[in-house]
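Keep in mind that the numbers below use all heavy atoms, side chains included, and drop hydrogens, waters and symmetry copies.
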Amino acid sequence: MSRRPPRGEYIETDTGNKVARKATLVGTQNIMLGGKTVIQPEVMIRGDLVRSIQSSSSSSSSSGTPNNTAVAIGRYCFLSRASCLRPPGRFYKGAFTYMPLRMGDHVFVGPSSVIQAASIGSHVHIGARVVVGEFAIIKDYVRVLDETVIPPNMVIPSFSIVAGQPARVIGEVPEGGHEAFELRELYKTVGNNPQPPAS
């Protein structure tokens with residue numbers, strides 16, 4: 001007779017990450033989670049899309065194992081249901097290769113959004129059904145409204161509010177509005193032992 005506790009909806013790691021059992025993480029050895037990140041059901045992270053070309057400087061290093069991080073996610077990030085993170089790809093020196101997708105801390109990705117950015121800063125809120133094109137760069141404290149389409153290679157400055165198809169800056173985050181980007185409380189409301197939201 002087994003005394004094992006019932007399996008929860010989330011797998012909780014030593015560093016506090018909460019990964020839904022129904023999320024799909026491909027190439028997990030190439031996905032770096034900073035800690036206290038929530039990955040909801042039906043999320044897809046493509047860690048299998050790694051850089052296939054080694055630079056000449058890394059091939060001469062003595063370590064022998066290249067850094068193949070495909071997706072790096074910071075602390076207190078929240079990936080909503082059915083969102084997708086894919087590293088951006090391009091032709092480089094005659095061959096197609098992928099570059100890493102780097103995400104800062106306190107990044108919220110809304111449901112059904114597709115992210116192919118080169119980098120996303122910290123304290124960024126991405127709404128629902130957003131498309132972030134390949135090699136786009138989103139700086140810190142940015143709010144991307146629902147159904148925005150950010151074209152490839154676009155750079156979005158810090159403290160911007162972005163909307164539209166294609167995306168354009170429609171305003172700026174007001175002074176004192178930075179606390180709204182904190183995701184510590186949201187983190188506590190998810191998992192196998194969720195706490196009710198603080199009132």
Could you tell me which non-hydrogen atom of Val173 sits nearest to which non-hydrogen atom of Tyr141, and how far apart they are?
CG2-O, 3.6 Å
Ignoring hydrogens and angles, tell me if any N or O in the side chain of Asp140 forms a donor-acceptor pair with the backbone of Ser122 under 3.5 Å.
yes
Got Pro41 and Glu9 here, is their nearest side-chain heavy-atom distance under 4.5 Å?
yes
Output, in order, the C-alpha distance, side-chain angles, deciding distance and verdict of side chain to side chain contact (heavy atoms under 4.5 Å, CB included) for Tyr98 and Val50.
CA-CA 5 Å; Tyr98 292 95; Val50 293; 5.9 Å; no
What's the shortest heavy-atom distance between Asp146 and Gly127, and which atoms?
OD1-CA, 3.3 Å
First locate atom CG of Leu101, then atom CD of Glu134, and finally report the distance between them rounded to the nearest 0.5 Å.
10.5 Å
Minimal heavy-atom distance between Ile126 and Ser113, with the atoms involved, is CG2-OG, 4.3 Å
Heavy-atom side-chain contact between Asp105 and Arg75 under 4.5 Å:
yes
Do the side chains of His125 and Val109 get nearer than 4.5 Å, heavy atoms only?
no
Rounded to the nearest 0.5 Å, what separates atom CD in Glu172 from atom CD1 in Ile161?
8.0 Å
With the side chain counted from C-beta on, respond yes when Ile150 and Val131 share a heavy-atom pair under 4.5 Å apart, and no when they do not.
no
Ile120 reachable from Val43 in the ILVMFWY side-chain graph, under 4.5 Å edges
yes
In the structure I gave you, are the side-chain heavy atoms of Leu79 and Ile115 within less than 4.5 Å of one another anywhere?
no
Going by heavy atoms in the side chains, are Ser80 and Phe108 under 4.5 Å from each other?
yes
Assess Arg90 against Phe135: is NZ or CZ under 6.0 Å from the centre of the six-membered ring, and within 45 degrees of the ring's axis?
yes
Quick check: does any side chain N or O of Ser83 sit under 3.5 Å from a backbone N or O of Met44, one acting as donor and the other as acceptor?
no
Can you tell me how far the CZ atom of Arg46 sits from the CD atom of Gln116, to the nearest 0.5 Å?
10.0 Å
Nearest-0.5 Å distance that lies between atom CG in Leu25 and atom CD1 in Ile45
4.0 Å
For the pair Glu42 (side chain) and Ala82 (backbone), establish whether a donor and an acceptor sit closer than 3.5 Å, ignoring hydrogens and angles.
no
In Å and rounded to the nearest 0.5 Å, what is the CG to OG1 distance from Leu186 to Thr189?
4.5 Å
How close do Glu147 and Arg129 get, counting heavy atoms only, and between which atoms?
OE2-NE, 2.9 Å
Go through the steps to decide whether Ile156 and Lys139 satisfy the test side chain to side chain contact (heavy atoms under 4.5 Å, CB included), and finish with yes or no.
CA-CA 6 Å; Ile156 298 175; Lys139 303 283 188 163; 6.0 Å; no
Indicate, with yes or no, if Leu33 and Leu85 share a hydrophobic cluster defined by side-chain heavy-atom contacts under 4.5 Å among Ile, Leu, Val, Met, Phe, Trp and Tyr.
yes
For the rings on Phe78 and Tyr76, is their centre-to-centre separation under 6.0 Å?
no
For residues Phe96 and Met99: do they belong to one hydrophobic cluster (side chain heavy atoms under 4.5 Å, members Ile, Leu, Val, Met, Phe, Trp, Tyr)?
no
Does the side chain of Val162 reach to within under 4.5 Å of the side chain of Val142, using non-hydrogen atoms?
yes
Taking the side chain as everything from C-beta on, heavy atoms only, tell me whether Pro100 gets closer than 4.5 Å to Thr69.
no
Closest approach of Ala136 to Val132 (non-hydrogen atoms, all atoms of both residues)
CB-CG1, 3.8 Å
Within the supplied structure, the quantity of interest is the number of heavy atoms (other residues, nucleotides, ligands) at a distance under 6.0 Å from Met32 CE; does it exceed 12?
no
His123 side, atom NE2; Arg143 side, atom CZ - distance, nearest 0.5 Å
12.0 Å
Here the pair of heavy atoms bringing Leu183 nearest to His106 is N-ND1, 3.1 Å
For the backbone of Ile39 and the side chain of Lys18, can you confirm whether one donor and one acceptor N or O come within less than 3.5 Å of each other?
no
Evaluate side chain to side chain contact (heavy atoms under 4.5 Å, CB included) for Met103 paired with Cys77, printing each intermediate quantity in order.
CA-CA 9 Å; Met103 189 179 283; Cys77 292; 4.3 Å; yes
If hydrophobic clusters are built from ILVMFWY residues whose side chains come within less than 4.5 Å, do Val124 and Val155 share one?
no
Linked, directly or transitively: Leu145 and Val169 (ILVMFWY side chains, under 4.5 Å)
no
Working for side chain to side chain contact (heavy atoms under 4.5 Å, CB included), residues Ile31 and Val26
CA-CA 9 Å; Ile31 299 170; Val26 187; over 6 Å; no
